[in-house]
Amino acid sequence: MIGSRRFAVLFTAPLTVALLALLIYPLVSTVVLAFRTPEGVVGIANFAAVFTQGGFGQVLGNTVVFTLGSTALSLVLGFSMAYAMDFIEVGRRWLVSVFMLPLAIMPVVSGLTFGMMLNPALGVVNQTLLQLGIAGPGWATDTTTALLTVILIDVWQWTPFCFVILHAGFRSLSSEQREAARVDGASAFQELFHVSLPMLRNIVIITTVFRFMDAFKAFDTIYIVTQGGPGRSSETLIIRAFMEGFRFYKPHTMAAIGILLLVVTMVSTRFVGRMLDQRSA
Amino acid sequence: MNRRKFLLTTALAAGVLAMPGALARAFAQAPADAKIDWKQFDGTEIDVLLSRHPWQESIEPLIPEFEALTGIRVNVTKLPEQQFITKVSADLTAGSFAFDAFMTQFYEAPKFQKEKWTAALDGFLADPKLTDPAWYDWDDFFPGAREIATIGGSYADRVAITSEAQVLVYRTDVLEAAGVAVPTSFDELLAACAAIKEKGGGVYPITLRGGAANWWPLYGVVRSYGGNYLDAEHKPVIGSAESKAAVDTYARLAQFAPPGITNSDWDEINTAMLSGQAAMFLDSSVVFGRLEDPAISTVVGKVGVAPFPAGPAGPHGNSHYWSISMAEASQKKEAAWLFIQWATSKPVQAALALKGVLGPRASAWKVEGLAEEFPQQFLDAVSTTLSTAVIPPAVEQFYELMDPLRAAVQEVILGNETAAAALDGVQEAWNKILG
Amino acid sequence: MTTPIRTRVFAYLWLGLCVLVFMAPIAWMVLQSLKSPIDAIAVPPRFIFTPTLDNYVAVLTSRGFQEAFLGSLTVAVFSVGIGLVLGVPFAYALARLPVPGNEEISHFILSTKMLPAIVVIAPLVQVYRQLGILDTHVGLILAHILIVLAVIVWVMRGFFEGLPRALEEAAMVDGVSLPRTFVSVILPVAVPGLVTVAALSFILSWNDLFFALTLTSSKVKTLPLFMGTEYVGFLAVDWGKLSAAGLLAIAPIVVLVLVLQRYLVRGLAMGAVK
């Protein structure tokens, strides 16, 4: 390994300690809250209450669908865009700026705008579809399409995130190895899978992890567009947690859901971390 | 005093009284008349948190008058309702609430009082150094408004600042074209919707709130059918036959609404009316003002208002009173109380009424010049409704109870469930929540 | 790399389609921002109307907007700046140096992104209160550093790990110390990554609403809070002004991205390793 322990500690210790100091109380406090009922009884009563609450199955299902759906879609889309950028020269800079815009717009503004655009009666999308003779769906107002709608909006907003990181990744790949592969007669497809992707492996994994973690607790978009409705069709765990804590004044339940979210995220990233650890020495 | 001086003084007084603004003020005594020392906290600074609301919009320009009167500086923070609720909730729970006075809704009163987040106002009301009871006139408030002050169950922790009633707002031209009279009952309302759908020329007969707050307009319907959310002992009766009939009616009305009402809140129903898309709505009187604003409304002059229709149990529209409370954590309670007193006093309420915000004081409704602000029809509709109006029962778990109800109503509107089945589910959920 | 015409055409087509999809809502926002109130809520929605710049004028001349803009800019610049200064060396250490508890620390940093702000805000506010940084710029900057740190550390760590060790080895052989190597050899090559995380971090800080709402009361003003408050009224959204403000708010980001892009290209030129 390069370098000495001295630098290692110097570069990392101060920050780690500072973060710990700041976050230790909130973390511990949340854990304590989660394992104590309002009456002071220690145990898993809060978790039991969360699981047995009406509609929990639906909420859990929504969370899974939303997380996996949004992560997969934004990743694939972002990747395809980053890959395509590799083949063009003219206008690349402008394209990157343009693709950043959805992420740059404030979630409050884009959420409200989408909400209005997708309003089945008043919104521009359905009205335009009407002109073309198509009856537009209920989007965010119908239980069958609400979840899909918020997924699509989330994908719209966060694909730029994936795109930008992956684009930078592609840009920093050495072109020699890729050229060599092409010269050797590999098709673009083969080149992508056998040369580029392995080199991009870590970046792709990290992007996926971040997207996954964000999608898992994505709040703003869903809250602004549907508030989890109609019914519970777009309600995810984080929305439920918010309601419990901020509307129903049940901080213990909110803490329990929070711990649940934390545990799931930790487990899945541990798993991913193992994969990352298999990096070449 | 000689005759000349007497005549002069009288003429002057008459002249002053003749001025419209002064008339309103003379009718409701000016703050200077109150027998308290307004300046006793001169130099203090207080922080006030308000939710975006017509009341907030109208009172903000008047606050400099309070500052001049008392020498107290008022820092106003205002947030749209959703963020307001989030902030209040977060700050109170964390114990970091930094405001002295804030707007409140009475649904949270039981919880706030249990946690001692709001300060008791009884003491301030009774203190002759801080309040002039004759000038303030607590009895001037409507009975309902006075009731919500103590609705938390333990002490008086809020003063009402607005009064709203659930009324039926309709397009006069559309109803005429469809040949329907103004509905006075739910049966008539449904019939009117059907008629408008047939002959209305593309206009949607009605629009309703079906979104997160659908429980509010629903309550008036439920009570008018003889049902209720909770009975007198706060036991759930949402599963009663009457409640089910009410939800069924609400869902049937919703079928006549523009698509997407399961997400509609103020903005959507307002826009639907303003743009001429919908012909009626059955919700709070507070939205009426915008409809007559030519800058944004396409239906100025074509809007009528009627009292809440009658169900089998009579007409019992829902009503609402926003209120203002004092934070228990406040370090400047007396100064905050002066602000609250001033903001809810007769002259200020009268001034607000003339700006289009109806208050919970009887005197504010009789202010000279009110007729220019509100058509008499509107005032009649609101006061008629208020005479038989109801307010939802406030319990500690109020918002937690409303959530499954809201979801159930949305499912019924979308046709995913029958009213009967849905409400049975809600009844069960409520039994569990209330233990 | 010489690309066949066909591939290039496909690439442009696909990217063009993506541009359409991603820009459509923004184009709609532009239209809305040029409409008068009555036009903005017209049904059916209007594409033809008399445009007006009133909304933009109203937003730009509003004191609140100017204050909030400045506030957001201050917080974002400091958060990103400090975040980079702290996070990039940190990332490098995790990637290359024998840090005790490397995996644990890495996961700890990542976990700051795992716990939803919503859940921990109450105790966090209490901590802030103890430290006396509630409703201060410092407090908000701190919170934003928290938000961006995980992204900076993990993405840069990924980039650093992808760099061939030959780079450092060559420099070290020449007797250059580690810090110097880091600054003059590694950083220039890592520029694409740096530029990316800088832009992303800026956006994350710029758009934060929740911390601004819960950690500040009246003294600190940021754009998301202002826009959500000013143009989202009780009964309706002021679409014209909200759209105008929303579009004006992305101006700094667009500028930033355009400027940073230049460095993206330059870093590339130095990045080729023989």
Side-chain angles (χ1 to χ4, degrees), chain A residues 1-3 5 7-8 11-12 15-16 23 25-26 29-30 81 84 87-88 93 95-109 112-114 117 122 124 127 164-165 168 171-172 174-175 179 202-203 206 213 217 219 238 241-242 251 254-255 258 261-262 265-266 269 273 279, chain C residues 1 3 7-8 11-12 14-15 18-19 22 25-26 28-29 43-45 86 89-90 93 96-99 105 110 113-116 118-120 122-124 127 154-155 158 161-162 168 178 192-193 196 200 203 207 209 224 227-228 237 242 246 249-250 253-254 257-258 261 268 271-273:
Chain A
M1 272 223 155
I2 306 164
R5 254 177 110 88
F7 281 120
F11 277 16
T12 60
L15 190 56
T16 313
L23 296 176
Y25 175 67
S29 178
T30 308
M81 285 156 63
F87 293 101
I88 65 170
R93 257 209 275 165
L95 273 176
V96 173
S97 307
V98 162
F99 286 138
M100 283 293 258
L101 291 181
L103 191 59
I105 306 249
M106 266 164 218
V108 173
V109 178
L112 287 171
T113 305
F114 265 109
M117 283 176 71
L122 311 164
V124 63
Q127 290 282 332
V164 149
I165 299 181
R171 301 267 84 222
S172 49
S174 121
S175 44
E179 283 265 24
N202 279 0
I203 294 291
I206 287 171
M213 289 195 312
K217 53 180 178 70
F219 179 76
I238 189 72
F242 180 82
M254 176 169 82
L261 292 173
L262 179 67
T265 327
M266 276 172 63
T269 46
R279 58 186 185 264
Chain C
M1 188 148 70
T3 355
T7 323
R8 224 182 294 171
Y12 272 116
W14 174 239
L15 289 170
C18 290
V19 168
F22 282 108
I26 297 178
W28 180 247
M29 276 178 66
V43 173
L86 290 176
F90 197 97
R96 292 288 210 239
L97 304 181
V99 177
I105 296 180
L110 198 60
K113 254 224 171 267
M114 289 189 212
L115 207 56
I118 293 166
V119 175
V120 294
L124 191 66
V127 172
W154 272 74
V155 172
E161 279 170 356
E168 285 112 321
L178 186 65
T196 308
L200 283 176
I203 292 177
N207 286 350
L209 176 63
M227 291 186 348
V237 176
L242 185 73
I250 61 175
I253 297 178
V254 172
V257 171
L258 282 176
Q261 289 244 50
L268 220 49
V273 174

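All values below were derived from every heavy atom in this structure, side-chain atoms included, with hydrogens, water molecules and symmetry-related copies excluded. A, B, ... follow the sequence lines: proteins, then strands. Residue 1 opens every chain.
The residue among A:Met106, A:Gln127, A:Met254 with the most heavy atom pairs within less than 4.5 Å of chain C is A:Met106. With chain C as partner, the option from A:Leu261, A:Val98, A:Thr265 having the largest number of non-hydrogen pairs under 4.5 angstrom is A:Thr265. Among C:Ile203, C:Leu15, C:Ile250, C:Val155, the residue with the largest count of heavy-atom pairs under 4.5 Å with chain A is C:Leu15. Ranking C:Gly246, C:Pro116, C:Ala249 against chain A, the residue ahead of the rest is C:Pro116, based on heavy-atom pairs under 4.5 Å. Highest contact tally toward chain C, considering only A:Leu15, A:Val108, A:Leu262, A:Thr30, is held by A:Leu15 [criterion: heavy-atom pairs under 4.5 Å]. The most heavy-atom pairs under 4.5 Å with chain C, out of A:Ala255, A:Gly258, A:Ala104, come from A:Ala104.
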* Kindly indicate, with the supporting measurements, whether the criterion side chain to side chain contact (heavy atoms under 4.5 Å, CB included) is fulfilled by C:Met227 and A:Val109. => CA-CA 8 Å; C:Met227 291 186 348; A:Val109 178; 3.3 Å; yes
* Step by step, work out the side chain to side chain contact (heavy atoms under 4.5 Å, CB included) result for C:Val119 and A:Lys217. => CA-CA 11 Å; C:Val119 175; A:Lys217 53 180 178 70; over 6 Å; no
* **Intermediate values then yes/no, side chain to side chain contact (heavy atoms under 4.5 Å, CB included), C:Asn207 and A:Leu103** => CA-CA 9 Å; C:Asn207 286 350; A:Leu103 191 59; 5.9 Å; no
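The CH2 atom of C:Trp28 sits 10.5 Å away from the OG1 atom of A:Thr113 when rounded to the nearest 0.5 Å. To the nearest 0.5 Å, atom CD1 of residue A:Ile105 and atom CD1 of residue C:Ile26 are 4.0 Å apart.
The minimum heavy-atom distance linking A:Pro26 with C:Pro123 is given by the pair CA-CB, 3.6 Å. Heavy atoms only, all atoms of each residue included: C:Gly158 and A:Ile203 are closest at C-CD1, 4.1 Å. For the residue pair C:Trp154 and A:Ile206, the shortest heavy atom distance occurs at O-CD1, 3.2 Å. Of all the heavy atoms in A:Phe87 and C:Arg8, the pair that sits closest is O-CG, 3.2 Å.
Only the side chain of A:Met213 comes within less than 4.5 Å of a heavy atom in chain C; its backbone stays farther off. At a 4.5 Å heavy-atom cutoff, the contact between A:Met266 and chain C is made by backbone and side-chain atoms alike. At a 4.5 Å heavy-atom cutoff, the contact between A:Leu95 and chain C is made by side-chain atoms alone. Both the backbone and the side chain of A:Leu101 come within contact range of chain C, each with at least one heavy atom under 4.5 Å from a heavy atom of that chain. Both the backbone and the side chain of A:Val124 come within contact range of chain C, judged by heavy atoms closer than 4.5 Å. Using a 4.5 Å cut-off between heavy atoms, C:Leu209 touches chain A through its side chain atoms alone. For C:Ile118, the parts sitting under 4.5 Å from any heavy atom of chain A are the backbone and the side chain alike. Of the atoms belonging to A:Thr16, heavy atoms from both backbone and side chain fall under 4.5 Å from chain C. Contact annotation for A:Leu23: only side-chain heavy atoms (C-beta onward) come within less than 4.5 Å of a heavy atom of chain C. Using a 4.5 Å cut-off between heavy atoms, C:Leu124 touches chain A through backbone and side chain atoms alike.
Ring-plane geometry between A:Phe219 and A:Phe242 is classed as tilted, the angle between the planes lying from 30 to 60 degrees on a 0 to 90 degree scale.
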